[in-house]
Amino acid sequence: MQVVFLGPPGAGKGTQASLLGKALSLPHISTGVLLRKEITDGTRLGTYANEFVSTGKLVPDSVMLDIIEERLAKDDCGEGFILDGYPRNISQAKALDELLGKVGKPLSRVIYIEVHLDDVVKRINERKAKEGRGDDAPGVIGQRLEEYNNKTKPLLDYYEERGLVSKVRGKGTIEEVFKEVLKQLSK
Ligand code: AP5
Ligand code: MG
């Protein structure tokens, strides 16, 4: 099963993708987590990516495609994977379609987590206080939301045209949202 989680920053993509990965014994692949590791490790890629991540901008597509191509080629993706944070725009979605087409494993489902803007900002602020993630700073959240609205949100139509989207209301508790994710996937 190849699943993509879509939704605004702070919607709960990482939280739900991690739970689903454990439930299905599939790897949870978060491009945000992969980038933050490169940044923490101080690699050349991390130093380059941080210019974008720290200002709330999308990292260029060619860099992201290299990262995702390398990750999806690993053995643990043989039975599928749960993607969180990729694709982020139409061009990345097309690149992913092409990549998955080559190995004959098209996307099974796109789970879109719907959360009101006020709630995502609240969740991000709470996480900032707990974890201190750099790009959760008030000055960066606005730019992340702008990137999401301009570039990522159009993916909803892209995948709806292919009949792949299941919408999940992200407002309840983590457990309630997860129940809904499982319900949608069983349909
Ligand atoms: P990324 O790491 O993907 O960040 P994001 O999309 O902004 O999403 P978040 O990780 O902030 O939120 P989430 O939806 O995962 O929510 P979470 O589960 O944590 O990307 C970061 C940056 O990397 C980008 O800005 C860009 O620069 C770069 N990047 C990454 N991928 C890229 C790509 N493909 N192309 C180009 N650039 C890319 O939940 C949020 C908080 O809420 C947590 O504290 C959680 O505990 C809490 N929470 C979750 N669910 C609930 C609930 N139901 N009720 C209450 N609290 C909840
Ligand atoms: Mg995340």
Side-chain angles (χ1 to χ4, degrees), residues 3-22 28-40 45-72 81-96 99 110-156 168-182:
V3 179
V4 162
F5 274 86
L6 266 190
K13 301 182 296 293
T15 304
Q16 297 298 326
S18 166
L19 288 173
L20 187 64
K22 284 188 190 116
H28 161 213
I29 300 171
S30 158
T31 44
V33 169
L34 294 174
L35 289 169
R36 283 188 286 281
K37 173 144 191 345
E38 296 286 339
I39 294 167
T40 313
L45 168 61
T47 307
Y48 174 73
N50 195 34
E51 283 180 37
F52 301 90
V53 175
S54 64
T55 52
K57 299 242 168 71
L58 292 187
V59 175
D61 294 341
S62 60
V63 176
M64 295 314 300
L65 184 58
D66 285 348
I67 293 176
I68 207 74
E69 205 167 356
E70 190 185 323
R71 182 62 189 89
L72 295 185
F81 48 78
I82 315 294
L83 274 184
D84 143 29
Y86 193 97
R88 256 338 211 261
N89 58 31
I90 301 283
S91 140
Q92 292 186 9
K94 288 184 173 162
L96 181 65
L99 199 63
V110 174
I111 305 274
Y112 175 67
I113 308 184
E114 293 179 286
V115 186
H116 195 274
L117 180 65
D118 293 346
D119 292 317
V120 298
V121 172
K122 186 167 168 267
R123 285 182 189 177
I124 293 174
N125 283 328
E126 282 169 6
R127 184 175 58 192
K128 167 90 181 131
K130 269 190 282 179
E131 297 172 21
R133 200 174 119 179
D135 63 341
D136 283 345
V140 186
I141 299 175
Q143 181 63 50
R144 283 166 63 196
L145 287 168
E146 201 176 311
E147 289 281 83
Y148 172 77
N149 282 321
N150 293 337
K151 298 174 183 168
T152 311
K153 221 173 165 192
L155 286 177
L156 202 51
V168 167
R169 199 168 153 265
K171 190 159 171 63
T173 65
I174 289 171
E175 293 74 22
E176 283 165 349
V177 177
F178 188 53
K179 264 192 200 160
E180 187 56 28
V181 168
L182 290 177

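Both ligands and their constituent atoms are indexed starting at 1 by order of listing.
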Study note, to complete from the structure: Gln16 and Ile174 have their tightest heavy-atom pair at NE2-O, 3.2 Å
**Study point:** Atom indices of ligand 1, in the order listed, that fall short of 4.0 Å to a heavy atom of Pro8
**Key:** 14 (O)
Review point. Is Val177 close to Val168 at the side-chain level, that is, under 4.5 Å between some pair of heavy atoms?
Key: yes
Review point. Looking only at distance, does Tyr86 have an N or O less than 3.5 Å from an N or O of ligand 1?
Key: no
Check your understanding: If you count the atoms of ligand 1 from 1 in the order shown, which ones are under 4.0 Å from a heavy atom of Lys57?
Key -> 26 (C), 27 (O)
Review point. Going by heavy atoms, is Ser30 under 4.0 Å from ligand 1?
Key: no
Exercise for review: Within a distance under 4.0 Å of any heavy atom of Arg133, pick out the atoms of ligand 1 and give their elements.
Suggested key: 1 (P), 2 (O), 4 (O), 9 (P), 10 (O), 11 (O), 21 (C)
Revision key, fill the gap. In short, Lys13 meets Phe5 closest at the heavy-atom pair CD-O, 3.9 Å
Study note, to complete from the structure: Out of Gly85, Gly12, Gly7, Gly172, the nearest non-hydrogen contact to atom 53 (N) of ligand 1 is supplied by Gly172
Practice item. For ligand 1, find out whether one of its N or O atoms is nearer than 3.5 Å to an N or O atom of Arg127. Key: yes
Review point. Does Glu126 pair with Lys122 as a salt bridge, N-O distance under 4.0 Å?
Key: yes
**Study point:** Distance-minimising heavy-atom pair for Ile124 and Gly10
**Key:** CG1-CA, 3.9 Å
Point to revise | Nitrogen or oxygen of Val177 less than 3.5 angstrom from that of ligand 1 | key: no
Study note, to complete from the structure: Within 4.0 Å of some non-hydrogen atom of Leu35, the atoms of ligand 1 are 23 (O), 28 (C), 29 (N), 30 (C), 38 (C)
Check your understanding: Any N/O of Gly10 closer than 3.5 Å to an N/O of ligand 1?
Key -> yes
Check your understanding: Of the choices Val59, Ile141, Val115, Val53, which has the non-hydrogen atom that lies closest to atom 37 (N) of ligand 1?
Key -> Val59
Check your understanding: If you count the atoms of ligand 1 from 1 in the order shown, which ones are under 4.0 Å from a heavy atom of Gly14?
Key -> 13 (P), 15 (O), 18 (O)
Check your understanding: For Ala49 and Val59, which heavy atoms make the closest approach, and how far apart are they?
Key -> O-CG2, 4.1 Å
Study note, to complete from the structure: Nearest non-hydrogen protein atom to atom 50 (N) of ligand 1, with distance, is Ile174 CG1, 3.6 Å
Practice item. Test Val4 against every option in Ile82, Asp84, Leu96 by the side-chain contact (heavy atoms from CB on, under 4.5 Å) rule and name the one that passes. Key: Leu96
Study note, to complete from the structure: Here the atoms of ligand 1 under 4.0 Å from any heavy atom belonging to Asp135 are 21 (C), 22 (C)
Point to revise | Where ligand 1 meets Gln92 - atom numbers and elements under 4.0 angstrom, heavy-atom basis | key: 33 (C), 34 (N), 35 (N), 36 (C)
Point to revise | Which of the ligand 1 atoms, numbered from 1, are nearer than 4.0 Å to a heavy atom of Thr31 | key: 30 (C), 31 (N), 32 (C), 34 (N)
Point to revise | Residue pair Asn89 / Asp61, side-chain donor-acceptor N/O under 3.5 Å | key: yes
Point to revise | Minimum heavy-atom distance Arg144-Pro9, with the two atoms named | key: NH2-CB, 3.6 Å
**Study point:** ligand 1 contact by Glu176, heavy-atom criterion under 4.0 angstrom
**Key:** no
Exercise for review: State if Glu131 counts as touching ligand 1 under the rule of any non-hydrogen atom under 4.0 Å.
Suggested key: no
Check your understanding: Does the N or O separation between Arg36 and ligand 1 drop below 3.5 Å for any pair?
Key -> yes
Check your understanding: Quick one: are Arg88 and Lys151 in side-chain contact, heavy atoms under 4.5 Å?
Key -> no
Revision key, fill the gap. Under 4.0 Å between heavy atoms, the region of Met64 that gets near ligand 1 turns out to be side chain
Check your understanding: What heavy-atom pair brings Leu182 and Leu20 nearest, and what distance separates the two atoms?
Key -> CD2-CD1, 3.9 Å
Exercise for review: First locate atom CG of Leu35, then atom CG of Leu45, and finally report the distance between them rounded to the nearest 0.5 Å.
Suggested key: 6.5 Å
Point to revise | Option whose closest heavy atom lies nearest to atom 57 (C) of ligand 1, chosen from Arg123, Lys122, Arg88 | key: Arg123
